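First comes the structure, then the notes that go with it.
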Amino acid sequence: MPAMQTSASVPSMPPAVALGSLPSSNAALPVNNSVPSAAPAAAPMVASAPSTAGAYTHTIAGGESLYTIARRYEVTTQALVQANGLSSPDKIVVGQSLIIPGRPDLVRTPQTAAQPTVQLASATQTLGAAPAPLGRPQAAPQQVAVTPAATPAPAAAPVATPAPTQVATAPAAEPVASGNDKFRWPVSGRVITDFAASRGTGINIDVPEGSTVKAAENGTVIYVGSGVEGYGNLILIRHANGYVSAYAHLNGMSVAKGAAVSRGDSIGTVGMSGSVSKPQLHFELRKGATPVDPVPLLAS
């Protein structure tokens, strides 16, 4: 299916695209023949021992990445890396607890029930009569009973209202694989940048602008947008076999995040958004967080 490969200008390394993950912000960006390379990657951060005291934590589940967790809690991946002392955004494992910085509103604070005030009744008092005048026999002392004050009913103890508990939403069932041994080509065209020339990210296919881009396999759309620098309009699809496919430099995008797509469904059109100077499709396949050469995995 692919035609001869050329030694076109090497696109910069894109951010990581993993199972439910997006590229990190410090990765190099894809470029074309006329676009200069991106700035060098930022210096690595020094890992520090995170403290979970008084902070909300999230336990990493299968298929999650640092990027998807950051989007879920509306924080940045850089903040997660610093708060948890990570040496790299890709160095996370299932079952690991992550501190979510800047979200004290997620920490449950128990309320203490107010203690009722009990008022004690006064005791009965006995008063003696005043002594009789001199020269007169004194009358027997008369006891006067003082009626005790009414005891107020104890106030009802207020019921402590527990803070709301955050319940994770069960993920929707993933679409099953189509049964084909290999992925289908998303477009028909000539490969102008191969996997090696792209510095191990993916391939670029020369296609006329407006051509239909099709899903390479059954899956769930996990990202639709243009927030990844250098990629332009980008769609990511997670597949049941553990792969994630990426379609970049699109002109139009016809699917939404969370949509289930089938192999061969139209998801957008070819364009030249992002760091390219002519219409083309940048296509990637990643197994988890590891990019792989897509050509051997595409049907001939």
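Bear in mind that the values here come from a model prediction, so they are computed numbers and not experimental data.
Here I100 contributes atom CD1 and L80 contributes atom CG; the two are 5.5 Å apart, rounded to the nearest 0.5 Å. Rounded to the nearest 0.5 Å, atoms OG (S245) and CD1 (I222) are 8.5 Å apart. Separating the CG atom in L66 from the OG1 atom in T77 is a distance of 6.0 Å, to the nearest 0.5 Å. If you take OH on Y56 and CG on L98, they are separated by 11.5 Å, rounding to the nearest 0.5 Å. Note that CD1 of I237 is 9.0 Å distant from OG1 of T220, once rounded to the nearest 0.5 Å.
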task: Please step through side-chain contact (heavy atoms from CB on, under 4.5 Å) for the pair L285 and D293, ending with a clear verdict.
output: CA-CA 7 Å; L285 280 178; D293 187 353; over 6 Å; no
query: Would R72 and E64 satisfy salt bridge (Lys or Arg N to Asp or Glu O under 4.0 Å), going step by step from the backbone distance to the final call?
result: CA-CA 10 Å; R72 174 176 178 180; E64 289 187 321; 3.7 Å; yes
- request: Begin with the C-alpha distance, continue with both residues' side-chain angles, and end with the deciding distance and a verdict on side-chain contact (heavy atoms from CB on, under 4.5 Å) for V295 and D194.
  value: CA-CA 9 Å; V295 173; D194 61 15; over 6 Å; no
message: If you apply the rule side-chain contact (heavy atoms from CB on, under 4.5 Å), what do you find for L234 with Y247, and how did you get there?
response: CA-CA 6 Å; L234 171 68; Y247 314 76; 5.7 Å; no
message: Go through it in stages, so that I can follow the logic: the residues are S97 and H58, the test is side chain to side chain donor-acceptor pair (under 3.5 Å), and I'd like the CA-CA distance, side-chain angles, deciding distance and then a yes or no.
response: CA-CA 5 Å; S97 292; H58 171 85; over 6 Å; no
task: Dump the intermediate steps for side-chain contact (heavy atoms from CB on, under 4.5 Å) on Y223 and I235, then the final yes or no.
output: CA-CA 6 Å; Y223 179 79; I235 294 176; over 6 Å; no
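A donor-acceptor pair is defined here as one N or O able to donate and one able to accept, closer than 3.5 Å; no such pair exists between the side chain of E284 and the backbone of H282. In this structure, the side chain of S178 does not engage the main chain of N218 through any donor-acceptor pair within 3.5 Å. Q82 places no side-chain N or O within 3.5 Å of a backbone atom of A79 that could act as its donor or acceptor partner. At least one donor-acceptor pair closer than 3.5 Å links the side chain of H249 to the backbone N or O of S273. When atom types are taken as modelled, the side chain of R103 and the backbone of Y73 share a donor-acceptor pair closer than 3.5 angstrom. In this structure a side-chain-to-backbone donor-acceptor pair under 3.5 Å is missing from T193 to A197. With K287 contributing its side chain and N241 its backbone, the two residues share a donor-acceptor pair below 3.5 Å. Checking side-chain atoms of N84 against main-chain N and O of L86 turns up no donor-acceptor pair under 3.5 Å.
N204 and Q280 share a donor-acceptor pair across their side chains, judged by distance under 3.5 Å alone.
Nearest heavy atoms, N233 versus S226: OD1-CB, 3.6 Å. Residue L236 comes nearest to A246 through the heavy atom pair CD2-CB, 3.4 Å, listed as atom of the first residue, atom of the second, then distance. When every heavy atom of P291 is checked against every heavy atom of R286, the shortest pair comes out as CD-NH1, 3.3 Å. For F283 against P186, the heavy-atom pair with the smallest separation is CD1-CG, 3.7 Å. Here the shortest heavy-atom pairing between F195 and P294 reads CD1-CD, 4.0 Å. The shortest non-hydrogen separation linking V292 to Y243 is CG2-CE2, 4.0 Å.
Side chains of R190 and I205 form no contact here, defined as non-hydrogen atoms less than 4.5 Å apart.
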Enumerate, atom names and distances included, each donor-acceptor pair closer than 3.5 Å involving a side-chain atom of residues 262-270, sequence neighbours excluded.
from : atom 1 : to   : atom 2 : distance (Å)
R263 : NH1    : K182 : O      : 2.8
R263 : NH1    : E217 : OE1    : 3.0
R263 : NH2    : K182 : O      : 3.1
D265 : OD2    : S262 : N      : 2.8
T269 : OG1    : G252 : N      : 3.0

